[in-house]
Amino acid sequence: MADPNAVPFFDDDEPPAPGGGIAARAMAGVMRARTGGAGDYLEGLNPEQCEAVQTLDGPLLVLAGAGTGKTRVLTTRIAHILATGRARPSEILAVTFTNKAAREMKQRVAALVGDVAEGMPWLGTFHSIGTRMLRRHAELADLKSSFTILDTDDQIRLIKQILSAENIDEKRWPARSLAWAIDGWKNRGLAPKDVPPGDGALFANGRGKELYAAYQARLKVLNAADFGDLLLEPIRIFRENPDVLEQYHRRFKFILVDEYQDTNVAQYLWLRLLAPASGPRNLCCVGDDDQSIYGWRGAEVDNILRFDKDFPGAKVIRLERNYRSDAHILGAASHLISHNEGRLGKTLRPQGEDGERVTVTGSWDSGEEARSIADEIESLQRKGSNLNDMAILVRASFQMREFEDRFVTLGIDYRVIGGPRFYERQEIRDALAYLRCVNSSADDLAFERIVNVPKRGLGDATVQTLNGIARSARVPLMEAARLAADTEELKPKQRESLKTLTQNFQRWTQASDAMKHTELAEMILDESGYTEMWRQDRSPDAAGRLENLKELVRSMETFENLQGFLEHVSLVMDADSGEHMDAVTLMTLHAAKGLEYDNVFLPGWEEGLFPSQRTMDESGKAGLEEERRLAYVGITRAKRRAKIYFASNRRIHGMWQSSIPSRFLDELPENHVEVTEAPAAFSNRGFGESRFDKLEPFQNSTYTTPGWQRAQARGGFSERGTGFGSRRGGPTIIEGELVAKSTANAASYDTGERVFHDKFGYGEVLEVEGNKLLVAFDKAGHKRVLDNFVRRP
DNA sequence: CTGGTAGTTCGGTCA
DNA sequence: GAACTACCAG
């Protein structure tokens with residue numbers, strides 16, 4: 001499965017020879033499908049879908065309710081464009097949010113038109129396409145086209161460095177929150193200079209803006225981009241270079257956007273630039289305002305609500321026929337969502353049976369809730385349902401534990417979606433860091449990650465020293481390590497370690513040309529002592545980690561070389577774990593969007609948990625409406641049965657709290673709902689297993705503090721910004737400081753000069769060799785040191 | 001530099 | 001209640 005990024009980005013630049021190219025093959029494919037009888041691709045579409053597929057000219061918004069065949073419309077539309085010869089595969093820009101969606105779209109287009117979908121280089125996620133564009137025009141963004149993409153982990157470490165360099169107390173201003181803020185700015189399309197003063201004041205007494213600028217400057221030095229840059233930089237490039245933008249205008253005959261309700265400002269701007277309001281731009285956005293659940297991540301429902309104002313003359317097509325859920329389920333969901341204001345308005349129309357009513361079940365506590373759901377699952381299973389057809393959708397991931405415990409006890413197979421992803425695991429990231437270092441010796445963040453993994457006696461202090469050397473000599477850390485191994489800044493032990501390490505890397509890098517990259521990876525993991533480290537590890541998950549490392553090497557096979565693999569990994573790569581077995585799916589409501597199951601269990605419908613108190617505190621009414629949309633998404637995942645639960649007592653942060661049923665329960669229409677009680681609730685003082693299980697909560701609940709006031713008492717972000725802002729330095733100042741620092745230190749010394757060294761004291765310079773000095777210290781004797789460690793007395 | 005302990009924090013999630 | 005971090009002692 002080739003990722004678009006794995007192919008060189010200029011592949012599609014050459015137009016195919018007239019008549020013989022990919023487009024012709026595409027058409028042939030469609031023709032085959034058509035004459036093959038199995039179907040004209042338009043067959044089986046309802047009138048609205050058909051219209052959405054065939055309305056090719058001008059801006060089009062398809063409002064596709066849950067389960068109305070949205071993906072089908074998108075893919076058929078692409079097939080239609082290709083079949084009618086309106087564009088070649090490389091002239092269609094199709095963006096999704098997730099890799100999964102992109103993959104699915106690619107597969108389904110391929111099913112319609114044949115393998116040509118592989119020839120669709122511009123079908124992908126916002127980020128993968130942004131990467132492609134940025135690599136092509138890297139020099140316009142002050143980067144090399146080989147730039148590395150930082151993930152959240154790298155980002156945090158980088159920010160930590162900046163904070164400590166700026167002497168900012170990490171306790172009061174954690175790197176996380178700055179990362180969060182920067183992310184937020186980037187989501188809103190703001191470069192450091194555009195950050196409004198009020199916003200910048202939110203961090204470190206008004207220094208947020210300058211720190212953001214410093215962070216950006218560091219990224220350029222490291223030849224790196226974070227996820228936000230993958231969109232922001234192309235936007236800037238387009239704005240500053242109309243000729244570049246013009247190339248893309250000429251190229252893209254059609255633009256398609258999936259899940260438009262989830263676009264943030266940056267993505268919106270990016271799309272606006274690529275599809276200007278005027279001219280024959282054929283932009284088709286598909287989305288559902290009722291399923292916008294990522295406001296906290298910067299998504300602007302507004303984008304979809306004002307589509308026809310942004311693109312005058314836009315046509316709006318509503319898909320309202322729902323093929324997924326039975327009538328009772330849709331009735332419940334529709335009535336619930338009707339409590340939201342500011343909707344575009346859509347009514348899902350059921351196509352099938354009434355089915356079963358939505359059930360609402362109350363339990364004493366979360367344990368009982370888990371038991372009664374597990375019982376229900378077993379009973380459905382006895383009646384012949386597959387576990388694969390069941391899902392439990394929770395609001396917050398801490399709710400999952402209770403279910404996992406229960407499933408383990410009962411021996412019910414289950415899978416969790418959305419845990420730490422494969423490539424986010426520690427061992428995978430470590431292994432990747434080694435590979436990144438071999439791929440590019442300038443990858444400082446990767447180097448820093450593995451310099452002391454496994455333990456080599458190279459701790460914080462050593463890394464600090466190396467950083468100092470790297471900064472003053474303006475070389476990457478790897479080079480700094482090589483330098484430091486020859487001088488006497490460090491203790492012999494550390495120098496020895498560094499020497500071995502850098503020599504190893506040198507060897508590996510040389511070997512990388514001649515070897516197969518999978519073998520190279522194995523060799524590196526072996527010789528570095530990394531696999532050995534896990535073999536020695538006694539913790540229970542060590543074996544699994546070794547297994548993961550093997551899996552990593554295996555997954556490299558599908559790539560031609562190391563470079564291609566690393567590119568893929570930074571953007572894509574998720575583990576397709578255990579799809580084959582029959583198991584209940586456990587995941588958050590957010591993760592469930594776009595999926596469907598026969599039986600859906602929705603536990604934890606309690607005030608404070610769902611709707612989440614925190615969301616309501618932060619975003620008020622808008623927050624509540626987003627929670628309601630989340631509830632709507634949850635219910636509409638169900639095809640046959642939707643079962644809702646709430647518990648009277650729940651342990652939160654280790655403390656038992658009593659809770660009241662969610663207001664969303666009151667918003668469900670009576671005629672579609674059946675209220676039941678957990679069977680075990682009747683045996684409160686009784687017998688059987690439940691007595692045992694209930695003992696504990698009963699006792700503890702006497703200590704229960706009522707309600708959610710405590711959570712409310714905690715201030716939101718908004719409080720922080722007020723009252724500060726005494727200092728407001730522009731970003732240029734801080735950049736100047738950074739530059740000044742590194743150049744000032746670079747000034748070298750003459751022989752015979754007196755110098756002072758923090759560790760060795762006063763001395764006289766005997767020799768100067770680049771930035772290395774031989775100094776005769778008064779007390780410490782002759783030492784080789786780097787010039788930035790001494791100063792004039 | 002390492003390993004232990006004490007203190008803190010605790011939302012969802014995609015690249 | 002647990003997991004992660006930061007600090008401290010060896």
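What you see is a predicted model, and the numbers here were worked out from it, not measured in a lab. Chain letters run A, B, ... following the sequence lines, proteins first, then strands; residues in each count from 1.
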> Under a 4.0 Å N-O cut-off, is there an ion pair linking A/Asp290 with A/Arg629?
Replying inline: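 So A/Asp290 does not pair with A/Arg629 through a salt bridge.
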Nucleotides 3-10 of chain C: which of its N/O atoms have a protein N/O under 3.5 Å away?
none

>> Looking at A/Ser619 and A/Met616, would you say the former's side chain and the latter's main chain have a donor-acceptor pair under 3.5 Å?
In response: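 Pair absent, no side-chain N/O of A/Ser619 close to backbone of A/Met616.
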>> Using only atom types and a distance under 3.5 Å, with no angle test, would you say the side chain of A/Arg495 pairs donor to acceptor with the backbone of A/Thr487?
In response: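 Side chain of A/Arg495 to backbone of A/Thr487: a pair is present.
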Between [atom2] on [N] and [atom1] on [X], what's the gap in Å once rounded to a whole number?
X        : N      : atom1 : atom2 : value
A/Lys593 : B/dG12 : NZ    : C1'   : 12 Å
A/Trp180 : B/dA15 : CH2   : P     : 16 Å
A/Lys100 : B/dC14 : NZ    : C1'   : 12 Å
A/Glu625 : B/dG12 : CD    : P     : 23 Å
A/Arg651 : C/dG1  : CZ    : P     : 6 Å
A/Met616 : B/dG12 : CE    : C1'   : 15 Å
A/Leu466 : B/dC1  : CG    : P     : 10 Å
A/Met400 : B/dC10 : CE    : P     : 19 Å

Identify which nucleotide among [options] has an atom closest to any side-chain atom of [X], counting heavy atoms from C-beta outward.
X        : options               : result
A/Thr125 : B/dG12, B/dG3, B/dA15 : B/dA15
A/Arg297 : B/dC14, C/dG1, B/dA15 : B/dC14
A/Lys455 : B/dC14, B/dT2, B/dG12 : B/dT2
A/Ala461 : B/dC1, B/dG12, B/dC10 : B/dC1
A/Thr462 : B/dC1, B/dA15, B/dG12 : B/dC1

Does NZ or CZ of [X] come closer than 6.0 Å to the centre of the six-membered ring of [Y], within 45° of the ring's axis?
X        : Y        : value
A/Arg650 : A/Trp656 : no
A/Arg406 : A/Phe403 : no
A/Arg628 : A/Phe664 : no

> Starting at the 5' end of DNA chain B, which residue's closest nucleotide do you reach first, A/Ser397 or A/Asn452?
Replying inline: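 Nearest nucleotide further toward 5': that of A/Asn452.
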>> Quick check: on DNA chain B, is the nucleotide nearest A/Phe398 upstream (toward 5') of the one nearest A/Arg456, or the reverse? Name the residue that is more 5'.
In response: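 Checking each residue's closest nucleotide, the 5'-ward one belongs to A/Arg456.
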Does [X] reach a base, just sugar-phosphate, or nothing at all? Heavy atoms under 4.0 Å.
X        : value
A/Leu630 : nothing
A/Gln494 : sugar-phosphate
A/Ser612 : base
A/Tyr294 : sugar-phosphate
A/Asp151 : nothing
A/Asp460 : sugar-phosphate

> Can A/Trp296 be classed as stacking with the base of B/dG12, given a centroid separation cut-off of 5.5 Å and a plane angle cut-off of 30°?
Replying inline: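 Ring-base stacking flag set for A/Trp296 and B/dG12.
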> Just checking, any donor-acceptor pair under 3.5 angstrom between side chains of A/Asn649 and A/Ser658?
Replying inline: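 No, because no side-chain N or O of A/Asn649 sits under 3.5 Å from a partner of the opposite role on A/Ser658.
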> Under 4.0 Å: is that the gap between some side-chain N or O of A/Asn99 and OP1 or OP2 of B/dA15?
Replying inline: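 So the side chain of A/Asn99 is within the cut-off, an N or O lying under 4.0 Å from OP1 or OP2 of B/dA15.
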>> Let's go through A/Met133 and A/Ile237 carefully: what are the C-alpha distance in whole Å and the side-chain angles of both, what is the deciding distance for side-chain contact (heavy atoms from CB on, under 4.5 Å) to 0.1 Å, and is it a yes or a no?
In response: CA-CA 10 Å; A/Met133 291 174 168; A/Ile237 291 170; over 6 Å; no
